[in-house]
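In what follows, a structure is listed as structure tokens, so that the remarks can point back to it.
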Amino acid sequence: MNLKKIIPLILPLLWGSMVFSQVPKEPKLILQITVDQLRGDLPTKYMKNMGEGGFRYLLEQGIWYTNAHYGHANTETVVGHTILATGADPSINGMIANVWYDREKGKLVYNIEDEDYKILSDNADVDKSTELDASQDIASVEGRSPKNIMVTTFSDELFLKTNGKSKVFGVSVKDRGAVTLAGHTGKAFWFSKSNGEFITSTYYYEEYPEWVNNWNKQNIPAKIFSGKAWELMNDKSTYMYGEEDNMPWETDVAGFGITFPHEYKTSENKYFTNFLTYSPAGDDITLDFAKALVKNEEMGKDEITDYLSISFSSTDYVGHLFGQSSLEAEDNMLRLDKTLANLFAFIDKEVGLENTLIVLSADHGGPEAPGYLKSKGIESGFVSPDKWDKEPAIEALKKKFGIGQELIQEFFPPYLYLNEKIIAEKGLSLEEVEKAVAFELMKIKGIALAVSSYSLQKNELADTYLNRKALRNFNATRSGNLLILFQPQYSINDYMGEKTSANHGGPWMYDSYVPVIFAGMHLKKQRISRKIEPKDIVSTLSNLMGTKPPSGADGEVLQEIVK
Ligand SMILES: [Zn+2]
């Protein structure tokens, strides 16, 4: 080919790169937003009643991946958040469940509990008498840290790239929503329902920054919400579920009620702070604290890229209590849209959206409430694991193995732990018992898969949809003897005596489906229907920022973002 032919070909390329180089290459701020339980269809479901600047901004000016699915089995909060932070599967990052059984300690442990790093405030530990988050309730030690996360996060890599000059923060109502994304090198703050303040642990600070003390001293949650109620934002007739507020499958927790208005009661009421988290008020408080953080820590003010993660928890609690097809969930979505619009306007003023790379996703999707589905003629239900040990088939197995006591020691979804002590005492093969129990459990209505850890470790399973997800969730040091997955539309609704309307955590589409949206900077509107995974976010961010990939990140780089 001669030069005359080549020049017209390369000129547009050169010109294109010249135009591109005028745009700042690196953002001043990366804002990673996680909306807990935001199923992929929810941002657009109520679009006609949404305002400007929130989801509409993301839809009209962002790059929206409309077919993003998690590929692991246990779609729970800490699992999803850790994937969004590390880009690694739970098998690699170690965060396989909100709660697992620690055989050395001989007890169930909460994912980020760490007795070495106490909470920095007094009276801020989980209050077991009012805490209704069942996995939070398991925590038996007061401290918190990211130590259980076995790999680095994107935020860690950004921090390391700049030798600590990048500021890294994570904020959420939930401790596990903040700690995961702040990584090992950032700072995390979360909301204590016990003292109504944003707190941290000694892993991060020896004492609170002055601005945190100031925020807490203002007592903002009580000032705004004491004596108030969660009321509908708009006229009831404008809602899709306006006529369906009072539904029998909804959960009335501690008097919060199943119809509007939901009274927060006064700040003296022992459930006051819990009620705030069950409603959009939890997100309002989170936003207010995050704004104070951005201002006081001077996020995005210089040329070195800072990182802020905000995880909004209200959508999850609302989904659990009322189901995602409810008047509460609908109003929550409209209010979340407003919260996002408020956040984006604030960031635009402080940092400039053209200097900010926003990425929004969710830690998992969420099911419809079984009660709601049944009312529409779709089979759905709950399973009761506490009865499994007494199932005739399991009783028969125990007889065969000569076991007189309980064989199933613990079940905390999705893992089942066998009584290994008695199995060893009887001289039985653990592998044989695991496989026999799995075989019998598969006959119980509602169970789609019971798979033994031996089968997963030996890779002796067929390459099926569920087995692939089971493998990606399996970590030899933390997974139980058996992984149990329920049939579509089946879940458990009784976690240690606490009942809810709907529970996620399964491998099916409604639980794996989440939005992935990038916006800000130089990005132009695109809708991408190619199937991607949320872990691709991390590989994309590290590629874009020129960090090394986090230790376990094996996602794809999303070309629409980096080109
Ligand atoms: Zn969650």
Side-chain angles (χ1 to χ4, degrees), residues 32-43 68-86 90 93 95-100 110-112 131-139 144 149 170-182 188 190-191 193 251 274 277-280 282-283 286 309-324 328-329 332-333 336 360-369 412-414 473 491-493 495 498 500-516 533-535 537:
Q32 184 161 11
I33 302 167
T34 309
V35 180
D36 207 307
Q37 203 183 132
L38 185 68
R39 202 176 57 209
D41 59 310
L42 294 176
H69 286 271
Y70 281 103
H72 62 287
N74 182 25
T75 46
E76 279 187 330
T77 297
V78 86
V79 189
H81 277 87
T82 311
I83 293 170
L84 290 171
T86 65
N93 70 41
M95 304 305 269
I96 52 147
N98 277 343
V99 169
W100 62 82
Y110 177 65
N111 51 79
I112 53 164
E131 180 59 68
L132 294 153
D133 182 325
S135 44
Q136 191 80 256
D137 231 1
I138 294 291
R144 298 286 183 272
I149 301 171
V171 175
S172 178
V173 151
K174 293 185 184 180
D175 52 12
R176 56 193 184 276
V179 168
T180 43
L181 284 128
W190 58 94
F191 184 65
K193 287 173 249 183
T251 321
N274 276 271
T277 65
Y278 302 160
S279 77
D283 287 350
T286 306
S309 151
I310 308 176
S311 175
F312 291 111
S313 309
S314 296
T315 301
D316 182 65
Y317 289 118
V318 171
H320 280 294
L321 294 184
F322 309 105
Q324 285 299 0
E328 283 83 359
N332 175 66
M333 284 308 300
L336 171 66
L360 181 145
S361 190
D363 55 343
H364 48 76
E368 301 295 338
F412 205 98
N473 214 94
S491 58
I492 69 169
N493 82 326
Y495 284 85
E498 283 152 12
T500 54
S501 298
N503 274 306
H504 55 85
W508 307 108
M509 291 294 160
Y510 46 84
D511 279 347
S512 69
Y513 180 35
V514 293
V516 170
E533 291 199 26
K535 70 177 178 182
I537 292 170

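As the structure lists them, so they are numbered: ligands from 1, and atoms in each ligand from 1.
- The list of salt bridge (Lys or Arg N to Asp or Glu O under 4.0 Å) pairs with a residue in residues 312-323, not counting sequence neighbours, reads K174-D316.
- Side chain of T251 to backbone of S501: a donor-acceptor contact under 3.5 angstrom is found.
- Under 4.0 Å is where a charged nitrogen must lie from a carboxylate oxygen, and between E76 and R176 no such pair does.
- At a cut-off of 3.5 Å, with distance as the only test, a side-chain donor of S311 or H81 sits close to an acceptor on the other residue.
- A donor atom on one side chain and an acceptor atom on the other are found under 3.5 Å apart for H69 and S512.
- Side chain of N473 to main chain of H72: no donor-acceptor pair is present (N/O by atom type, distance under 3.5 Å, no hydrogens or angles).
- Only protein N, O or S atoms were considered, and those under 2.8 Å from the Zn ion (ligand 1) are D36 OD1, T77 OG1, D363 OD2, H364 NE2.
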